[in-house]
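Convention: sequence-line order gives letters A, B, ...; per-chain numbering from 1.
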2 protein chains.
Amino acid sequence: MEQSNAVLSALGDAGKRLTVARRAVAEAIAEQAGHFTAEDVLAVSRRRRRAVARATVFRSLDLLVDLGLVERVDLPSGDHAYVACEPDAHHHHVVCSACGRSVEVGELGLRPILERIEFSTGFAIDSHRLELFGLCPECRMAAAAKPSA
Amino acid sequence: MEQSNAVLSALGDAGKRLTVARRAVAEAIAEQAGHFTAEDVLAVSRRRRRAVARATVFRSLDLLVDLGLVERVDLPSGDHAYVACEPDAHHHHVVCSACGRSVEVGELGLRPILERIEFSTGFAIDSHRLELFGLCPECRMAAAAKPSA
DNA sequence: AAGCTAGTTGAGACTGGCTCGCAACTAGGC
DNA sequence: GCCTAGTTGCGAGCCAGTCTCAACTAGCTT
Ligand SMILES: [Zn+2]
Ligand SMILES: [Zn+2]
Ligand SMILES: [Zn+2]
Ligand SMILES: [Zn+2]
């Protein structure tokens with residue numbers, strides 16, 4: 001909910017209109033636990049209120065990505081997903097490969113590594129992506145409790 | 001060329017057949033400078049010898065990924081690409097956003113960071129992806145020489 | 001060298017994610 | 001309330017990647 005409010009005000013700040021469709025997308029995203037796909041958003045929007053058109057879902061998602069409120073993640077499976085996230089702070093996501101829940105982590109000392117890479121390769125690195133996959137605490141316990149299968 | 005030989009022997013080791021199609025794909029990959037798409041491989045194969053079927057290109061690429069001879073990279077643009085790389089050593093790729101050339105870099109001290117993340121999040125991280133983008137030395141020079149657009 | 005068989009391929013239909021174009025609609029300023 | 005640029009919906013279209021299945025062949029066997 002507050003997530004969706006953040007979206008609304010961010011839209012305002014960016015001089016974008018506060019339309020019904022965008023509100024619907026924002027709400028749909030707010031109710032996602034972990035990462036989600038465009039289809040998920042579409043499905044939620046169809047279930048509640050008036051459905052948002054497929055094209056519009058993609059347009060809004062792109063917009064939110066531009067605003068830094070949502071980020072694209074490429075799952076190991078090759079699927080494209082999105083995660084809601086805090087704007088204005090460079091960070092990365094740790095995604096649970098069992099349930100999809102995701103948490104943000106900061107830069108945690110990556111900077112020196114990047115510098116070392118720039119030095120050794122001669123590249124001027126201007127962006128990077130670090131995606132971490134594993135089991136979240138809950139799924140870890142679940143896995144430990146039922147080791148078979 | 002040696003690249004393609006490496007592929008051939010790796011196929012043998014994995015008990016896979018050494019077919020014409022796979023040879024063609026291996027050669028097509030060997031002549032790619034940086035990252036490439038499935039379409040690129042398809043195009044090269046069509047230009048030389050007998051063309052390899054679309055489906056087969058994807059199948060071979062998947063196989064090579066399994067063997068660790070090729071890796072998938074998700075470009076910032078969202079496109080899926082591949083890079084040829086050394087097998088048997090965990091590493092990452094630095095990709096030039098201008099010309100596509102890519103070089104491999106090792107782990108360079110990422111381990112402690114991962115441990116810190118596991119500790120602070122409670123996740124059991126079992127895989128990660130680090131992709132670096134920037135300008136390679138050549139493109140950097142080119143950019144410096146012609147600063148206007 | 002010929003035979004055998006499981007692994008592999010080609011062709012093309014098919015799917016599903018995503019984009020495009022454009023007329024209708026509306027948020028927000030006046 | 002009006003105006004207009006920004007936005008949406010719809011539907012057609014596009015394209016990467018998958019699937020099916022009959023035909024083919026690498027490599028072993030005799
Ligand atoms: Zn989980
Ligand atoms: Zn970072
Ligand atoms: Zn370059
Ligand atoms: Zn690594």
For A/Thr37, side chain to side chain donor-acceptor pair (under 3.5 Å) partners two or more places apart: A/Asp40
Partners passing side chain to side chain donor-acceptor pair (under 3.5 Å) against A/His35 (at least two apart in sequence or in another chain): none
Set of residues satisfying side chain to side chain contact (heavy atoms under 4.5 Å, CB included) with respect to B/Ala28, sequence neighbours excluded: B/Val41, B/Val44
Inter- and intrachain pairs under salt bridge (charged side-chain N to carboxylate O under 4.0 Å, His left out), touching residues 70-81 of chain B, at least two apart: B/Asp74-B/Arg129
Residue pairs involving residues 110-121 of chain A (criterion salt bridge (charged side-chain N to carboxylate O under 4.0 Å, His left out); sequence neighbours excluded): none
Between [atom2] of [N] and [atom1] of [X], the distance in whole Å:
X	N	atom1	atom2	result
B/Arg46	C/dT9	CZ	C1'	15 Å
B/Asp40	D/dG17	CG	P	11 Å
B/Arg50	D/dC24	CZ	P	11 Å
B/Phe36	D/dA16	CZ	P	16 Å
B/Leu75	D/dA16	CG	P	14 Å

Quick one: which protein N/O atoms are closer than 3.5 Å to N/O atoms of nucleotides 3-7 of chain D? Pair and distance per line, please.
from, atom 1, to, atom 2, distance (Å)
D/dA5, N3, A/Arg17, NH2, 2.9
D/dG6, O4', A/Arg17, NH2, 3.2
D/dG6, N3, A/Arg17, NH1, 3.3
D/dT7, OP1, A/Arg17, N, 3.3
D/dT7, OP1, A/Arg22, NH1, 3.0
D/dT7, OP1, A/Arg22, NH2, 3.4
D/dT7, O5', A/Arg22, NH2, 3.4

Terminal helix-axis angle for the helix from C/dA1-D/dT30 to C/dC30-D/dG1, with five pairs defining each axis and rounding to 10 degrees: 30°
Co-members of A/Val95 in a cluster of I, L, V, M, F, W and Y side chains, linked at under 4.5 Å: A/Val73, A/Leu75, A/Val83, A/Phe133
Remaining members of the apolar cluster that contains A/Met141, side-chain heavy atoms under 4.5 Å: none
CA sep, side-chain torsions, deciding dist, call: B/Glu107, B/His91, side-chain contact (heavy atoms from CB on, under 4.5 Å): CA-CA 6 Å; B/Glu107 205 54 349; B/His91 59 260; over 6 Å; no
Review item, side-chain donor-acceptor pairs of residues 57-69 of chain A, under 3.5 Å, at least two apart:
from, atom 1, to, atom 2, distance (Å)
A/Arg59, NH2, A/Thr56, OG1, 3.4
A/Ser60, OG, A/Thr56, O, 2.7

Donor + acceptor pair across side chains of A/His92, B/His128 (<3.5 Å): no
Sugar-phosphate, base or nothing in reach of A/Ala51, heavy atoms under 4.0 Å: sugar-phosphate
Which atom pairs link the protein and nucleotides 12-21 of chain C when you take only N or O atoms and keep those under 3.5 Å?
none

Sequence-distant partners of B/Glu31, salt bridge (charged side-chain N to carboxylate O under 4.0 Å, His left out), two or more places apart: B/Arg48
